[in-house]
Amino acid sequence: MSRTPCFEVVTHRVDVSNAESVAEVARAADALGRVKSVVHTAGLSPAQASADAILHVDLLGVAHTLDEFGKVIAKGGAGIVIASMAGTFMAGKLPPEVELALERTPTEELLDLPILKAPQFQDPGAAYSLAKRANQLRVQAASLAWGHRGARLNSISPGIISTAMGREELEGESGGAMRAMVAASSIGRTGTSSEITAAAAFLLGAESSFVTGTDLLVDGGVVAAVRSGVLKAGRE
């Protein structure tokens, strides 16, 4: 007879935009035992928040998590940051010096970067895309420090996923464009949370022991469709 696994869950209230709050939860996790897996999922979408709030949570919050859990991650452990295909679309659109700044600027100076004050990034959608591109870049850079502790670090960039947040975006201003992207993609549907979970399990597990410092795009083929011109042709 098989037994259902039993887990003990300890909760901790955290404000990811606050360095000490994140440091506190990292220390609390370390006190419970070896920190073997870290999954950062905190984020706000353009339909939910202002550009400023998105930059504090989606950008600064990730930076704090990489810093603080990089101090306690155990040898053989692994971490994941949930980024977004929005960041993948931003790749190559920013000047190299801006990407370098997003990647390497010390966390405490991150929100002072001039690019974040630019008028175009006061729009929540643009701020979200920039933050998610920064997530991909900072994960790549932080993977070296995590590697010195014998741990791996990667990001996952989901496409349009059928979650409460995803459905809220589909019903918002960008919903029409998002539905067009889904229709043009090779799989032709939104993703599920379990499909992102499966990708996370792979990146946290032994099967991906040679994978670190990279981003896994899980978007059902949306980025491929847009870059190939299929989406444009479909609209015409």
Look only at the side chain of Ser21 and the backbone of Asp15, and say whether a donor-acceptor pair between them is shorter than 3.5 Å.
yes

Backbone N/O of Leu44 and side chain of Asp58: donor-acceptor pair under 3.5 Å:
yes

Do the charged groups of [X] and [Y] touch, with an N to O distance under 4.0 Å?
X      : Y      : answer
Glu109 : Arg104 : no
Glu99  : Arg138 : no
Glu24  : Arg27  : no

With rounding to the nearest 0.5 Å, note down the distance linking [atom1] in [X] to [atom2] in [Y].
X      : Y      : atom1 : atom2 : value
Ser17  : Asp52  : OG    : CG    : 9.5 Å
Gln140 : Glu103 : CD    : CD    : 5.5 Å
Ile82  : Ile196 : CD1   : CD1   : 7.0 Å
His40  : Ser155 : NE2   : OG    : 11.5 Å
Leu153 : Thr212 : CG    : OG1   : 6.0 Å
Gln48  : Tyr128 : CD    : OH    : 9.0 Å

Single hit among Ser208, Ser209, Ser143 for side-chain hydrogen bond (donor to acceptor under 3.5 Å, both in side chains) with Arg152:
Ser208

Close side-chain approach of [X] and [Y], heavy atoms under 4.5 Å:
X      : Y      : result
Val16  : Val57  : yes
Ser37  : Leu204 : yes
Leu94  : Leu130 : yes
Met85  : Val226 : no
Asp219 : Ile160 : no
Pro158 : Ile161 : yes
Ser129 : Phe89  : no
Val211 : Leu216 : no

Could you walk me through whether Val38 and Trp146 pass the side-chain contact (heavy atoms from CB on, under 4.5 Å) test, one step at a time?
CA-CA 12 Å; Val38 178; Trp146 284 50; 4.3 Å; yes

Considering all heavy atoms, the nearest [X]-[Y] contact:
X      : Y      : result
Pro124 : Ala49  : CB-O, 3.6 Å
Ala51  : Gln122 : CB-O, 3.2 Å
Leu110 : Leu116 : O-CD1, 3.3 Å
Ile156 : Leu203 : CG1-CD1, 3.6 Å
Val182 : Thr190 : CG1-N, 3.9 Å
Leu137 : Leu102 : CD1-CB, 4.2 Å

Distance-only polar pair, side chains of Thr107 and Asp67, donor-acceptor under 3.5 Å
yes

Criterion side chain to side chain donor-acceptor pair (under 3.5 Å) on Ser157 and Gln136, from CA distance to verdict:
CA-CA 8 Å; Ser157 286; Gln136 296 169 346; 2.8 Å; yes

Test log, rule side-chain contact (heavy atoms from CB on, under 4.5 Å), inputs Thr41 and Val39
CA-CA 6 Å; Thr41 63; Val39 182; 3.7 Å; yes

